[in-house]
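One structure below.
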Amino acid sequence: MRAPISLKQKFLKKWISGLQLCSTCSKNMSILERKKSIKLSADIAMASARNGRTCWSLALIANASKNDKDKLLVEHILGNSEFQRLNKISIMRPTMSNKRVRCKKILKRSCGTIRRVSKRVVPPKILASCVAKRLSTKRTQVLKSLVPGGEFMDDVSLIEETLDYIMSLQTQIDIMRSLANATELVLSRKNEQW
């Protein structure tokens, strides 16, 4: 599945805006700080290109807005009005689903105590399904840790958001690769002229 050209154009425009801000400060930065700011500007540019329609994009913006240094970059890429709008949405969303997570934890604890009390011989079919369910739960937890804001999503939303996040990451890779190839081409032409 290919990303629409308009998404790529939005991402590139916002990413270049972020890189321009980073380049003004780059004289005082170490290599690791430059790497971090390039990655942050790419992530924020992709999140803003999604217009706050996905949970992962709102989570990225909210996480970046927590740090005062990064907040300036986020506000520059998004623009002041867009920054305020998305920041309000991202602050409100996790608190609504946080109650759901707490309830699930309470439910798991109560079910866990019942299971511990009743120890009996389990048929192989049921044992296999329990192992499969545990494995599925572990993989879901890993996926929730990989997708920004994943810890606040149910399983169906997690799959949809993961697919969208993967498509967005693929778009980032395509654009970064194209930019690297173009830079290499320009540098090779300059070297030929000398």
Side-chain angles (χ1 to χ4, degrees), residues 1-4 7-8 10-11 14-15 18 32 35-71 73-75 77-78 82-83 85-116 122 126-176:
M1 179 193 236
R2 305 294 296 169
L7 178 66
K8 288 184 177 185
K10 283 181 187 178
F11 167 72
K14 292 181 184 259
W15 187 44
L32 290 175
K35 177 185 168 187
K36 182 183 175 240
S37 65
I38 290 169
K39 171 131 177 52
L40 179 66
S41 63
D43 286 345
I44 298 304
M46 184 52 69
S48 67
R50 300 299 294 152
N51 295 327
R53 286 179 282 158
T54 58
C55 290
W56 68 263
S57 63
L58 292 173
L60 271 176
I61 291 169
N63 288 339
S65 298
K66 289 177 184 174
N67 187 346
D68 289 335
K69 265 187 187 177
D70 298 342
K71 195 177 211 176
L73 180 64
V74 173
E75 195 168 351
I77 291 173
L78 294 176
E82 186 75 5
F83 174 74
R85 183 183 74 83
L86 291 178
N87 212 12
K88 284 179 185 176
I89 293 171
S90 64
I91 289 170
M92 290 171 56
R93 222 178 231 184
T95 56
M96 292 187 303
S97 44
N98 196 12
K99 292 178 184 175
R100 233 185 303 155
V101 172
R102 242 183 285 140
C103 292
K104 283 184 181 179
K105 286 182 180 178
I106 293 169
L107 183 64
K108 282 182 183 178
R109 283 186 203 142
S110 65
C111 290
T113 56
I114 293 170
R115 287 183 189 144
R116 285 185 204 126
V122 181
I126 296 174
L127 184 63
S129 69
C130 287
V131 170
K133 188 171 184 170
R134 261 192 236 130
L135 186 62
S136 173
T137 304
K138 284 182 183 179
R139 288 182 178 172
T140 303
Q141 291 301 322
V142 169
L143 190 58
K144 284 183 178 190
S145 69
L146 292 174
V147 177
E151 58 273 3
F152 299 114
M153 295 179 215
D154 61 353
D155 293 348
V156 175
S157 299
L158 181 67
I159 298 297
E160 291 172 0
E161 292 284 328
T162 302
L163 291 172
D164 188 69
Y165 187 57
I166 289 170
M167 187 186 84
S168 298
L169 289 176
Q170 187 62 48
T171 301
Q172 269 188 2
I173 291 168
D174 291 344
I175 291 173
M176 289 179 174

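As the structure is a computational prediction, the values presented were derived from the model and not from experiment. For this chain, numbers begin at 1 and follow the sequence in order. All values below come from the heavy atoms of this structure, side chains included, with hydrogens, waters and symmetry mates left out.
Taking 4.5 Å as the limit, some side-chain heavy atom of L169 sits within range of a side-chain heavy atom of Y165. In this structure, the side chains of D164 and R53 stay at 4.5 Å or more apart for every pair of heavy atoms. Two residues are said to be in side-chain contact when any heavy atoms from C-beta on lie closer than 4.5 Å; T54 and E160 fail this criterion.
Not counting sequence neighbours, the partners of S41 by the side chain to side chain contact (heavy atoms under 4.5 Å, CB included) test are W15, L19, L73, I77.
K144 places a side-chain N or O within 3.5 Å of a backbone atom of M153 that can act as its donor or acceptor partner. Side chain of E161 to backbone of V147: no donor-acceptor contact under 3.5 angstrom is found.
Of the inter-residue distances, the one linking K133 atom NZ with T137 atom OG1 reads 6.5 Å to the nearest 0.5 angstrom. The structure places CG of L158 at 9.5 Å from CG of L163, a figure rounded to the nearest 0.5 Å. Here the straight-line distance linking atom CD of Q170 with atom CE of M167 works out to 10.5 Å at 0.5 Å rounding.
The two residues F11 and A42 make their nearest non-hydrogen contact at CE1-O, 3.2 Å. The two atoms that bring A59 and P148 nearest to each other are CB-C, 3.6 Å, heavy atoms only. Minimum heavy-atom separation, I44 to I61: CD1-CA, 4.2 Å. Of all non-hydrogen atoms in K14 and S48, the two that sit nearest each other are CD-OG, 2.8 Å. Residues S168 and M46 approach most closely at O-CE, 3.4 Å, considering heavy atoms.
Of the listed residues (D155, L135, I159), just one forms a side-chain contact (heavy atoms from CB on, under 4.5 Å) with T140, and that residue is D155.
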